[in-house]
Amino acid sequence: MIRRWAIACGLAAVVGAGAVGCGGSSPTGESFSDFANVDGDVVLNVGVLVEKTTAGPGDIIELSATVDAVRAEAVTFSWVNVTGHGRLVGAESGVVSGPFTIQWEAPSDVETGSVKVEVVQLVVTAISQVISVSETGVQTSHDIASETRTIPITITATP
């Protein structure tokens, strides 16, 4: 009998605590209005500055990239030397808030009269996460936006 009475009191306490709640106000859709349609909102506006697009043997060219402000947890820059005629000098990838700069060095042994095209690509990736709370629970969503820029550099050795 005492055991049944204790179980009944325990259940009553749980129901009472559930009815009272945790306090505070419950979130409304208006609280998260600035997060609406996040999946389509992340747009990357990438800018690339190339010191020059023609190089001779051993020349060094500076490449710089920027992205307009975007609501994201991380914006990653990655430079890729696609054709491999020359080489990238510096950090090829990173997460930065300002311009991301790297140098490209032309090969020193280019045949006289030959023309080669180096292809360097920049890949910029932004990752956004949105956490929203509703009556049904906590919802998280991710949006990943990526933009690629191709930079051709002509390598020539003139006689």
Would you be so kind as to tabulate the donor-acceptor pairs closer than 3.5 Å made by side chains of residues 82-92, with sequence neighbours excluded?
residue	atom	partner	partner atom	Å
Thr83	OG1	Glu118	OE1	2.1
Thr83	OG1	Val119	N	3.0
Arg87	NE	Glu105	OE1	3.1
Arg87	NH2	Glu105	OE1	2.9

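- The salt bridge (Lys or Arg N to Asp or Glu O under 4.0 Å) contacts involving residues 107-116 comprise nothing, where partners must be two or more places apart or lie in separate chains.
- For Ala65, the side chain to side chain contact (heavy atoms under 4.5 Å, CB included) partners two or more places apart in sequence, or in a different chain, are Phe77, Trp79, Leu122.
- Contact record, Val117 with Pro152: CG1-CB, 4.2 Å, taken as the closest heavy-atom pair.
- Using a 4.5 Å cut-off on side-chain heavy atoms (C-beta onward), Thr125 and Val75 make no contact.
- Annotation: side chain to side chain contact (heavy atoms under 4.5 Å, CB included) contacts of Val95 (sequence neighbours excluded): Thr76.
- When the side chain to side chain contact (heavy atoms under 4.5 Å, CB included) test is applied to Thr148, the partners found at least two apart in sequence or on another chain are Gln121, Val123.
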Acceptor/donor pairs from residues 45-62 side chains to any protein atom, 3.5 angstrom cut, sequence neighbours excluded:
residue	atom	partner	partner atom	Å
Asn45	ND2	Asp68	OD2	2.6
Glu51	OE1	Glu62	N	3.1
Asp59	OD2	Gly56	N	2.7

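- When every heavy atom of Leu44 is checked against every heavy atom of Ala145, the shortest pair comes out as CD1-O, 3.6 Å.
- Considering only residues two or more places apart in sequence or on other chains, Thr136 meets the side chain to side chain donor-acceptor pair (under 3.5 Å) condition with Ser134.
- With sequence neighbours left out, Thr101 forms a side chain to side chain donor-acceptor pair (under 3.5 Å) with Ser64.
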